[in-house]
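Working notes for the structure below.
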Amino acid sequence: MESYEKRIRVSENDLDELKHVNNVRYVQWIQDISKEHWETTAPKEMRAGILWVVKKHTIDYFSSAVLGDEILARTFIANTKGALSIRWVEMFNADTNELLVRSQTEWCLLNALTLRPIRISEAIKKAFLKQ
């Protein structure tokens, strides 16, 4: 699997009333890293005329992050079938390597004009799945 990583520094705006990173923020980061992975890996011509939408998120929370923590986020595509792609995102405390969050998201590939599902091409599979 070809993975993509980024680092995130927890700011005041990321926190909930308990002074931990808000669950909604994790969902945003999951979507952000997924989009960044797609846009930095897929050439412009591959991205033309298609878009991805979330079908389902499953998120497990293991530990909390707080103000100032640095988070290492890592994502990869586990497999594809038809129009569906299964993407994993894991987030770790960058200093301790403690797992904070693990998510599995089903993304559906759509034709950007018709908004109808389309089969994931071999070119996309080749770009994102390590053979």
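All of these numbers come straight from a predicted model, not from anything done at the bench.
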Task: side-chain contact (heavy atoms from CB on, under 4.5 Å) assessment of Val21 paired with Val66 - done: CA-CA 6 Å; Val21 171; Val66 297; over 6 Å; no

TODO: Let me see the working for Ser103 and Asp60 under side-chain contact (heavy atoms from CB on, under 4.5 Å), right down to the final yes or no.
DONE: CA-CA 6 Å; Ser103 72; Asp60 293 310; over 6 Å; no

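- Taking CD from Gln28 and CD1 from Ile8, the interatomic distance works out to 10.0 Å, rounded to the nearest 0.5 Å.
- Put simply, the side chain of Arg116 never gets that close to the backbone of Asn111: no donor and acceptor are under 3.5 Å apart.
- For the pair Glu12 and Leu67, the tightest heavy-atom approach, listed with the atom from each and the gap, is N-CD1, 3.3 Å.
- Rounding to the nearest 0.5 Å gives a distance of 7.5 Å between OG of Ser85 and CG of Asn79.
- A donor-acceptor distance shorter than 3.5 angstrom exists from the side chain of Asp16 to the backbone of His20, with no hydrogens or angles considered.
- For Arg102, the side chain to side chain contact (heavy atoms under 4.5 Å, CB included) partners at least two apart in sequence or on another chain are Phe62, Trp88, Glu90, Leu99.
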Open item on the list: With side-chain contact (heavy atoms from CB on, under 4.5 Å) as the criterion, how do Thr41 and Glu2 come out once you've worked through the C-alpha distance, each side chain's angles and the decisive distance to 0.1 Å?
Closed with: CA-CA 10 Å; Thr41 304; Glu2 295 293 328; over 6 Å; no

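- Between Phe76 and His37, the ring centre distance reaches or exceeds 6.0 Å.
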TODO: Tell me, with the steps shown, if His57 and Gln31 meet side-chain hydrogen bond (donor to acceptor under 3.5 Å, both in side chains).
DONE: CA-CA 10 Å; His57 280 302; Gln31 295 204 173; 3.2 Å; yes

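- Evaluation of the side chain to side chain contact (heavy atoms under 4.5 Å, CB included) rule for Thr58 yields Lys56 as partners, not counting sequence neighbours.
- Here the side chain of Arg74 pairs no donor or acceptor atom with the backbone of Phe92 at under 3.5 angstrom.
- Distance alone, capped at 3.5 Å, places no donor-acceptor pair between the Thr105 side chain and the Trp107 backbone.
- Of all the heavy atoms in Ala65 and Tyr26, the pair that sits closest is CB-OH, 3.5 Å.
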